[in-house]
Structures are given as structure tokens and as C-alpha cells.
Amino acid sequence: MDFPLQLNINSLGDVEFVYGMDELRQDLYVLLKSLMGTFTQSPSIGTLAVPHVGDSVYLESSVRRCCEQLRGVSVRNVYLSGDYVVVDIVYNGDATTFEFSIQSF
């Protein structure tokens, strides 16, 4: 999506864009914070996840649907671990796990 939230500072002190899995993590974070219809780049994407609702099955399902909106992403598992949502994904053939604080949504 080319929507970096965080830039890395290299050893020379120069700012660089993030790529690969770091960029994917940021893209997922942006989507998970954006309610459906409010995302500036495309109002047809976003989340229906509402973290303060006590229904963990609904939250997990909403996070799964949100993540799978990104091209090349398939979700293997979503679960709650304490105050975090853990997302196991495969992105263009590479598997990884991301944790997102529920309170950051």
C-alpha cells in the first residue's frame, strides 16, 4: 500500500522507508485502526473489529477479514494473548507472526 507510518534512521542518520515485512506490519496496523469506510486511500477497506466488545470470536473474525483485504496475505490463525491480538499470516509465500496491542486499535 506504500503508506509508511514509521521511517528507519540508518547508520548515517538518514531517514529511509521501510520495506518487506516491516512495511506489511505497518499496513496491517493502519487497516486495523481504520474503521471500514474511513481509510483515505480506499474507503472500501478497513476493519469492523471493535476491540472493546467482549466477544473474542467476533474480534478474531474481524481481524482475519481485515488482514485478508491486502493482496498476497492469507491468515493462518488469529487469537488473543493477553492484551494483544496475534496474527499468523502468509505473505507472498513467507510466513510470519505479528502482535498488535488491542488498546492501540
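Every heavy atom of this structure was used, including side-chain atoms; hydrogens, water molecules and symmetry mates were not.
Taken to the nearest 0.5 Å, the CG atom of D88 stands 3.5 Å off from the OG1 atom of T97. Rounding to the nearest 0.5 Å places SG of C67 at 5.0 Å from CG of L32. Put simply, OG on S74 and CZ on R64 are 9.5 Å apart, with the number rounded to the nearest 0.5 Å.
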Problem - side-chain contact (heavy atoms from CB on, under 4.5 Å) evaluation trace for V73 with N92 - result: CA-CA 7 Å; V73 172; N92 293 334; over 6 Å; no
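Shown here for R76 and A95, the closest heavy-atom pair between the two residues is NH2-CB, 3.7 Å. Across R65 and S61, no two heavy atoms sit closer than the pair NH1-OG, 2.7 Å. Residues V75 and E68 share a closest heavy-atom pair of N-OE2, 3.1 Å. Taking each heavy atom of E60 and L80 in turn, the nearest pair found is OE2-N, 3.7 Å.
One N or O on the side chain of S34 and one on the backbone of V30 form a donor-acceptor pair closer than 3.5 Å. The closest donor-acceptor contact from the side chain of R25 to the backbone of E99 lies under 3.5 Å.
In this structure, the side chains of V86 and F98 stay at 4.5 Å or more apart for every pair of heavy atoms. Taking 4.5 Å as the limit, every side-chain heavy atom of T96 sits out of range of all side-chain heavy atoms of Y91. The side-chain heavy atoms of V87 and N77, taken from C-beta on, include no pair separated by under 4.5 Å.
Put simply, L31 and Y84 are part of two different groups of oily side chains (I, L, V, M, F, W, Y) that touch within less than 4.5 Å, one to the next. Residues V90 and Y79 fall into different hydrophobic clusters, defined by Ile, Leu, Val, Met, Phe, Trp and Tyr side chains chained together at heavy-atom separations under 4.5 Å.
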